[in-house]
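Down below is the structure, laid out as structure tokens.
Both ligands and their constituent atoms are indexed starting at 1 by order of listing. Numbers for residues simply follow the sequence, beginning at 1.
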Amino acid sequence: MKRIVFATNNAHKLSEVSAVLGDGYELVTLKEVGITEDIPETGATLDENASIKARYVYERTGLDCFADDTGLEVEALNGAPGVHSARYATDGHDFAANNAKLLRELEDKENRNARFRTVISLIRNGIEEQVEGIVEGTIATSLSGNEGFGYDPLFVPKGYDRTFAEMSADEKNAISHRGRAVAALVKIL
Ligand code: IMP
């Protein structure tokens, strides 16, 4: 089994990613390698932030590792919240406030097209590669479902009439931005 550090402390993400990666990999968490501080996300794009996080881990541990950064890009909001998705409404990761703000911002908008985009930076033997995964969809007019996290109760993937929060983890993983980015990661691993 290959060991690889996943630069996250988010338990949801960890279980989503390990489900897609399968049995061939043992995912090591930040805590397990002694990184307990928040890694600064100072990049202006998802690509930059994924890279910053992966390099941070590699520089401190020398271990093979990967980091992801995800944003919800809403067409009528010119790609917002994008790289600011976690802190859209407040300084913290307040999912309810973020969803409320998104609904407010789209109140008078007919175009509710949006996409989730995940960028993963992988560093192996000191060499960095990036892959991405995208899922297109629309933003619903009200919240539905209790699964998942973040903007899941508002995001309806294209071809479905349910939000991500109304899907099982397996169903979401099969079509999600992160699922697709991890599938692309597995291809190059
Ligand atoms: P991160 O870069 O993966 O931490 O994601 C930034 C923010 O995007 C999170 O705080 C969530 O608000 C949102 N987000 C990321 N992935 C998902 C997802 O799979 N569903 C819903 N929201 C997500």
Side-chain angles (χ1 to χ4, degrees), residues 6-20 27 29-30 35 37-57 65-74 77 79-103 105-106 112 114-122 130-140 143-158 160 162-185:
F6 180 18
T8 189
N9 282 318
N10 178 325
H12 278 287
K13 276 198 206 172
L14 209 63
S15 63
E16 281 190 9
V17 171
S18 72
V20 183
L27 280 189
T29 64
L30 285 177
I35 297 175
E37 68 277 18
D38 279 340
I39 303 177
E41 295 186 26
T42 50
T45 62
L46 298 174
D47 306 52
E48 273 177 32
N49 273 343
S51 187
I52 287 169
K53 286 188 271 186
R55 286 179 196 187
Y56 187 97
V57 175
C65 58
F66 64 93
D68 74 321
D69 203 38
T70 295
L72 176 69
E73 301 175 336
V74 181
L77 304 177
V83 73
H84 306 295
S85 291
R87 297 180 175 79
Y88 187 39
T90 69
D91 225 17
H93 295 246
D94 187 336
F95 296 148
N98 286 343
N99 284 327
K101 177 169 178 183
L102 184 57
L103 284 177
E105 296 287 327
L106 287 178
R112 304 185 75 93
R115 63 182 197 170
F116 274 116
R117 193 160 73 90
T118 294
V119 178
I120 295 179
S121 262
L122 166 72
Q130 279 195 335
V131 293
E132 72 169 8
I134 290 172
V135 59
E136 305 279 353
T138 52
I139 303 301
L143 301 158
S144 306
N146 297 306
E147 303 297 323
F149 68 102
Y151 298 94
D152 279 347
L154 286 179
F155 187 81
V156 180
K158 203 173 177 176
Y160 292 78
R162 286 169 298 145
T163 68
F164 267 164
E166 294 176 290
M167 295 183 178
S168 68
D170 282 350
E171 207 176 357
K172 177 185 169 188
N173 282 340
I175 56 167
S176 81
H177 46 302
R178 200 165 15 261
R180 286 174 175 163
V182 175
L185 174 72

Roughly how far apart are Asn10 CG and Phe149 CZ, rounded to 0.5 Å?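 Between atom CG of Asn10 and atom CZ of Phe149 there are 5.0 Å.
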Measure the spacing between CZ of Arg178 and NZ of Lys172 and express it to the nearest 0.5 Å.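 Those atoms lie 5.5 Å apart.
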Could you check whether any side-chain heavy atom of Ser51 comes within less than 4.5 Å of a side-chain heavy atom of Gln130, counting everything from C-beta outward?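 Yes; the side chains approach each other to less than 4.5 Å.
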Under a 4.5 Å cut-off applied to non-hydrogen side-chain atoms, are Val17 and Asp68 in contact?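 Val17 vs Asp68: side chains apart.
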Give the contacting part of Phe116 toward ligand 1: side chain, backbone, both or neither, where contact means a heavy-atom distance below 4.0 Å.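 Side chain only; the backbone of Phe116 stays clear of ligand 1.
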Using a 4.0 Å heavy-atom threshold (strictly under), name the region of Phe149 that reaches ligand 1: side chain, backbone, both or neither.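 Both parts.
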Name the closest protein heavy atom to [atom], giving the residue it belongs to and the distance to 0.1 Å.
atom: atom 20 (N) of ligand 1; answer: Asp152 OD1, 2.6 Å
atom: atom 8 (O) of ligand 1; answer: Ser85 CB, 3.5 Å
atom: atom 12 (O) of ligand 1; answer: Tyr151 CE1, 3.4 Å

Does [X] reach ligand 1 with a nitrogen or oxygen that is under 3.5 Å from one of the ligand's nitrogen or oxygen atoms?
X: Asn98; result: no
X: Arg178; result: yes
X: Lys53; result: no

Judged by non-hydrogen atoms, does [X] sit under 4.0 Å from ligand 1?
X: Leu72; answer: no
X: Lys13; answer: yes
X: Phe95; answer: yes

Under-4.0 Å salt bridge between Arg162 and Glu171: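 Yes, charged N to carboxylate O under 4.0 Å.
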With no hydrogens and no angle check, is any side-chain donor or acceptor of Asn98 less than 3.5 Å from a backbone partner on Ala86? yes
In this structure, which one of Val135, Asp69, Asp47 forms a side-chain contact (heavy atoms from CB on, under 4.5 Å) with Arg117? Asp47
Check Asp152 against Glu147 and note the closest heavy-atom contact, atom names and distance.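 That would be CB-O, 4.2 Å.
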Quick one: closest heavy-atom pair of Phe164 and Pro157, and the distance? CE2-CG, 3.7 Å
With heavy atoms of Lys172 as the reference, note each atom of ligand 1 found under 4.0 Å away.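 Once the distances to Lys172 are compared, the set is 18 (C), 19 (O), 20 (N).
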Which of the numbered atoms in ligand 1 are under 4.0 angstrom from any heavy atom belonging to Asp69? 2 (O)
Candidate with minimal heavy-atom separation from atom 18 (C) of ligand 1, of His84, His177, Glu147: His177
Only heavy atoms count here, so choose which of Asn49, Asp68, Thr70 is nearest to atom 15 (C) of ligand 1.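 That would be Thr70.
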Going by the angle between their ring planes, with limits at 30° and 60°, are His177 and Phe116 parallel, tilted or perpendicular? parallel
